[in-house]
Amino acid sequence: VTSKTVLITGCSSGFGYGCVNAFLEQGFRVVATLRDADTRKELFRDLLNRYESHLYVASLDVTDGEERKSIANLLETKFGGQLDCLINNAGFGLFGALEDTSEAQIREQIEINLMGTVFLTRQLLPFIRAAKGRIINMSSVLGYMALPLSSMYAASKFAIEGFSESLRYELSSHGVKVCIVEPGGFRTRFADNQRWGEDAFNQNSAYRTQTDNYSAFQNKQRTGAGTPPDAVIKACVHLATARCPPFRVRCGNDAQMAYFLQCLLPSRFLDFLLNTMFDRVFHGRRGHD
Ligand SMILES: NC(=O)c1ccc[n+]([C@@H]2O[C@H](COP(=O)([O-])OP(=O)(O)OC[C@H]3O[C@@H](n4cnc5c(N)ncnc54)[C@H](OP(=O)(O)O)[C@@H]3O)[C@@H](O)[C@H]2O)c1
């Protein structure tokens, strides 16, 4: 049991929601943040009943500067400025060919997945530094191996990796640890919340075949029960509590496999293999699609 405080973003579902429960069980005081918390407190009714004084639910759209400031004020007034761990989890997936994706959609993807993490971290760092605390950023298997039709999602997660790696060294002499979690595919609301480029399913799209096949491939992947999010939640708890946490934790067989292929195969061969696989999966005739 610990008297530490953790703040988690994107707690309405998936990894974020699971982490709220898991950190409460570990004795943490949890600041669970989500968009429009006032209208969605019901989500936490049981946990609030059970953990009362240890759980605080607050509104935070990570793209909203005023709300980020309010969260900092709340930490100051309610928790005496104590923040031992920040989990930047909020995010979503934008899929579809770059040409089929609008500028507004591209900005939104980067604004939520990357800038939300960057600005919230910057805002809360004084607290985390004072506590010699930890920052855990949610990356993805697409943070080190990109797939087609997900360029902006991959860009946002590759950026999270670079951001985290630099910050890890910048903050280590201040006693702050920065870690990343790299999940493969897990059963959360990610699939329901994902978005496609505005013109992805437009008949005139030059990428229509690829998009249809990619979408069918995703649907097929999701017909099974899927992998429950437990491993990712456990990884977050481990990174927050271990004496010497690793920088990266990969979760899921697919994430491990992608990593081992990258380590073991010469890059030109891996490139050939992936190109062949993507051609087959998307039934795209390269150069004609
Ligand atoms: N599930 C996977 O297979 C998988 C794999 C790799 C990485 N990830 C990453 O894991 C993280 C969590 O995703 P998940 O799988 O748990 O999916 P999820 O169930 O869809 O959860 C995503 C959460 O992010 C929140 N969110 C979205 N935009 C936000 C914003 N502007 N401000 C605050 N919160 C926002 C959503 O809140 P609302 O309810 O308000 O929309 C939701 O609570 C994401 O960063 C995702 O990229 C997931």
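Counting starts at 1 for both ligands and their atoms, following the listed order.
Considering each of F15, Y17, F92, the one bringing a non-hydrogen atom nearest atom 4 (C) of ligand 1 is F15.
Between the side chain of R134 and the backbone N or O of D84, no donor-acceptor pair lies under 3.5 Å. For R40 (side chain) and R35 (main-chain N/O), a donor-acceptor pair under 3.5 Å exists by modelled atom type. Between the side chain of N89 and the main chain of T9, a donor-acceptor pair closer than 3.5 Å is present. Counting only distance, with no hydrogens or angles, the side chain of S150 and the backbone of P148 share a donor-acceptor pair below 3.5 Å.
Here is the list of ligand 1 atoms found below 4.0 Å of a heavy atom in G185: 3 (O). Of all atoms in ligand 1, numbered sequentially from 1 with element shown, those under 4.0 Å from a heavy atom of R40 are 38 (P), 39 (O), 40 (O). Residue-ligand proximity, F186 to ligand 1, at heavy-atom distances under 4.0 Å covers atoms 1 (N), 2 (C), 3 (O). Near G14, meaning under 4.0 Å from any of its heavy atoms, are these atoms of ligand 1: 16 (O), 19 (O).
The shell of residues lying under 4.0 angstrom from ligand 1, judged by heavy atoms, includes L60. E111 does not count as a contact of ligand 1, since none of its heavy atoms falls under 4.0 Å from the ligand. Put simply, part of K157 is less than 4.0 Å from ligand 1, judged by heavy atoms. The shell of residues lying under 4.0 angstrom from ligand 1, judged by heavy atoms, includes G184. Within the 4.0 Å heavy-atom shell around ligand 1 one does not find G116.
In terms of heavy-atom proximity, S164 sits nearest to V178 at O-CG1, 3.6 Å. Of all the heavy atoms in C11 and F44, the pair that sits closest is O-CZ, 3.4 Å.
Neither the backbone nor the side chain of R222 has a heavy atom within less than 4.0 Å of ligand 1.
Not one N or O of V141 is nearer than 3.5 Å to an N or O of ligand 1, by distance alone. At least one N or O atom of G10, backbone or side chain, sits closer than 3.5 Å to an N or O atom of ligand 1. Polar contact check, S140 against ligand 1: no nitrogen or oxygen pair lies under 3.5 Å apart. When only interatomic distances are considered, the shortest N/O to N/O separation between I112 and ligand 1 does not fall below 3.5 Å.
In this structure, atom 11 (C) of ligand 1 lies nearest to the protein heavy atom N89 O, 3.1 Å. For atom 22 (C) of ligand 1, the closest heavy atom belonging to the protein is G91 O, 3.5 Å. The protein heavy atom nearest to atom 17 (O) of ligand 1 is T188 OG1, 3.4 Å. Counting protein heavy atoms only, atom 9 (C) of ligand 1 is closest to M138 CG, 3.7 Å. Atom 35 (C) of ligand 1 has its closest protein heavy atom at A90 CB, 3.5 Å. At the shortest separation from atom 37 (O) of ligand 1 among protein heavy atoms lies S12 OG, 3.3 Å. Protein heavy atom nearest atom 31 (N) of ligand 1, with residue, atom name and distance: D61 OD1, 2.9 Å. For atom 7 (C) of ligand 1, the closest heavy atom belonging to the protein is S139 O, 3.2 Å.
Counting non-hydrogen atoms of neighbouring residues, nucleotides and ligands closer than 6.0 angstrom, the CD atom of Q256 exceeds 12 such neighbours. More than 12 heavy atoms of other residues, nucleotides or ligands sit less than 6.0 Å from atom CZ of R187. Residue-environment remark: CG (N253) stays at or below the threshold of 12 foreign heavy atoms within 6.0 Å.
Using cut-offs of 30° and 60° on the angle between ring planes, the pair Y214 and W196 is perpendicular.
Side-chain atoms of V57 and L43, non-hydrogen and from C-beta on, never get closer than 4.5 Å to each other. Residues L265 and F260 fail the side-chain proximity criterion, which asks for heavy atoms closer than 4.5 Å.
None of M152, Q218, Q109, R195 except one satisfies the side chain to side chain contact (heavy atoms under 4.5 Å, CB included) rule with F95; the exception is Q218.
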Q: Check step by step if side chain to side chain donor-acceptor pair (under 3.5 Å) holds for E161 and S139.
A: CA-CA 7 Å; E161 301 255 335; S139 178; 2.6 Å; yes
